[in-house]
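Owing to the predicted nature of the structure, the values given are computational and were not obtained by experimental measurement.
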Amino acid sequence: MDNRYPIGKFEFHDEITVDVTNAWINDIEMLPRLLREAVKGLSEEQLDTPYRTEGWTVRQVVHHLADSHMNAYVRFKLALSEETPVIKPYDEVKWAEFSDNKLPITISLNLLEALHIRWTKLLRSLSSEDLKKTFIHPDSGEVTVGKNIGIYAWHGRHHLAHITSLCNRKGW
């Protein structure tokens, strides 16, 4: 298994249907609970253990999920409210090094729970026309709202697997 991509890279080449997006939205909705379960009972030393050599610590992964998903939520709203906006990327590696990434993970766990309630409420309200709306990512190009739902469903599972696979490898 590649510890960088324990569930593989995001790939989806089929039609993005209502059933597909509903499954992805369910993944997004469940992430905060699954993440909280994955880190439950971990010690400070375990939280500060990298999931792979030269990788982020468990603590940084949890805080990264909050950073990333806040950005994603804003990107969805921009794509839904503007005509093909160009979104601003951010340097996630630098963000992971800021002092707020040393805070207790409960702060980001709580933030993710509240954010995902709002996010899934928004996503469940989208029409088939909304799913076709797009934004421009300077690195990735044009992305549809529908595909972006899949990307973030994968993103949550991807980082959750970083934590759960580390716990399995270490016997925690």
Side-chain angles (χ1 to χ4, degrees), residues 1-14 16 19-76 89-120 123-124 137 139-140 143-172:
M1 176 182 73
D2 179 352
N3 288 337
R4 289 186 64 195
Y5 295 97
I7 64 167
K9 294 184 179 184
F10 176 77
E11 289 187 29
F12 190 80
H13 306 291
D14 297 330
I16 298 175
D19 288 340
V20 167
T21 55
N22 282 338
W24 287 340
I25 294 167
N26 288 340
D27 287 345
I28 290 169
E29 183 176 46
M30 292 183 337
L31 177 68
R33 181 181 54 79
L34 295 173
L35 183 61
R36 193 175 287 276
E37 288 174 12
V39 298
K40 184 178 180 181
L42 293 182
S43 69
E44 292 298 308
E45 182 180 341
Q46 291 167 325
L47 290 172
D48 292 326
T49 301
Y51 71 88
R52 66 176 175 84
T53 304
E54 297 180 18
W56 287 336
T57 66
V58 172
R59 183 185 312 275
Q60 286 174 307
V61 170
V62 172
H63 291 308
H64 163 72
L65 281 165
D67 289 342
S68 176
H69 290 195
M70 284 188 295
N71 273 285
Y73 180 68
V74 169
R75 291 172 180 174
F76 275 95
Y90 68 101
D91 186 336
E92 62 186 38
V93 173
K94 283 186 181 176
W95 282 40
E97 296 169 0
F98 288 136
S99 63
D100 61 331
N101 280 282
K102 302 217 182 324
L103 288 167
I105 61 169
T106 55
I107 293 167
S108 284
L109 292 172
N110 293 340
L111 190 157
L112 281 164
E113 286 174 353
L115 175 63
H116 280 235
I117 289 168
R118 289 194 60 185
W119 196 7
T120 56
L123 295 177
R124 289 191 196 288
H137 189 290
D139 299 326
S140 309
V143 180
T144 66
V145 167
K147 182 176 181 180
N148 208 38
I149 295 170
I151 290 169
Y152 278 92
W154 169 85
H155 185 257
R157 291 190 320 270
H158 165 72
H159 284 302
L160 180 64
H162 283 149
I163 295 168
T164 57
S165 64
L166 171 66
C167 290
N168 288 336
R169 287 192 314 272
K170 296 282 191 178
W172 296 342

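- The two residues Arg4 and His162 have their closest heavy-atom pair at O-NE2, 2.9 Å.
- Within the model, atoms CG of Leu35 and OG1 of Thr164 stand 10.0 Å from one another, a figure rounded to the nearest 0.5 Å.
- The minimum heavy-atom distance linking Leu160 with Ala38 is given by the pair CD1-CB, 3.7 Å.
- Neither side chain, His155 nor His158, offers a donor N or O lying under 3.5 Å from an acceptor on the other.
- Here Thr49 contributes atom OG1 and Leu47 contributes atom CG; the two are 8.0 Å apart, rounded to the nearest 0.5 Å.
- In this structure, Ile151 and Val143 have side chains that are in contact, with non-hydrogen atoms separated by less than 4.5 Å.
- The side-chain heavy atoms of Asp14 and Val20, taken from C-beta on, include no pair separated by under 4.5 Å.
- The two atoms that bring Ala153 and Asp27 nearest to each other are CB-CB, 3.9 Å, heavy atoms only.
- With contacts defined as side-chain heavy-atom distances shorter than 4.5 Å, the pair Arg59/Asn101 does not qualify.
- In this structure, CG on Leu31 lies 12.5 Å from OH on Tyr152, to the nearest 0.5 angstrom.
- No side-chain donor-acceptor contact under 3.5 Å links His137 to the backbone of Pro89.
- Pairing each heavy atom of Val39 with each of Val58, the nearest pair is CG1-CG1, 4.0 Å.
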Worked verdict on Cys167 versus Leu42 for side-chain contact (heavy atoms from CB on, under 4.5 Å): CA-CA 9 Å; Cys167 290; Leu42 293 182; 4.1 Å; yes
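- Minimum interatomic distance between Gln46 and Ser43 (heavy atoms only, all atoms of both residues): OE1-N, 2.7 Å.
- The closest donor-acceptor contact from the side chain of Trp154 to the backbone of Gly8 lies under 3.5 Å.
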Would Arg36 and Glu113 satisfy side-chain contact (heavy atoms from CB on, under 4.5 Å), going step by step from the backbone distance to the final call? CA-CA 10 Å; Arg36 193 175 287 276; Glu113 286 174 353; 2.7 Å; yes
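- Using a 30° and 60° split on the angle between ring planes, His64 and Trp56 fall in the tilted class, from 30° to 60°.
- Rounded to the nearest 0.5 angstrom, His69 NE2 and Phe76 CZ are separated by 9.5 Å.
- Side-chain contact between Glu29 and Arg124 is present, with heavy atoms from C-beta onward closer than 4.5 Å.
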Walk me through whether Asp100 and His63 qualify under side-chain contact (heavy atoms from CB on, under 4.5 Å). CA-CA 8 Å; Asp100 61 331; His63 291 308; over 6 Å; no
Give the intermediate values and the outcome of side-chain contact (heavy atoms from CB on, under 4.5 Å) for residues Phe98 and Trp95. CA-CA 5 Å; Phe98 288 136; Trp95 282 40; 3.8 Å; yes
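- Around CZ of Arg169, the count of heavy atoms belonging to other residues, nucleotides or ligands within 6.0 Å exceeds 12.
- Shown here for Gly55 and Pro50, the closest heavy-atom pair between the two residues is O-CB, 3.5 Å.
- Here the side chains of Leu115 and Met70 are in contact, with some heavy-atom distance below 4.5 Å.
- Rounding to the nearest 0.5 Å gives a distance of 5.5 Å between CG of Leu65 and NE2 of His159.
- One distance of note links CG of Asn71 with OH of Tyr90; it measures 5.0 Å at 0.5 Å rounding.
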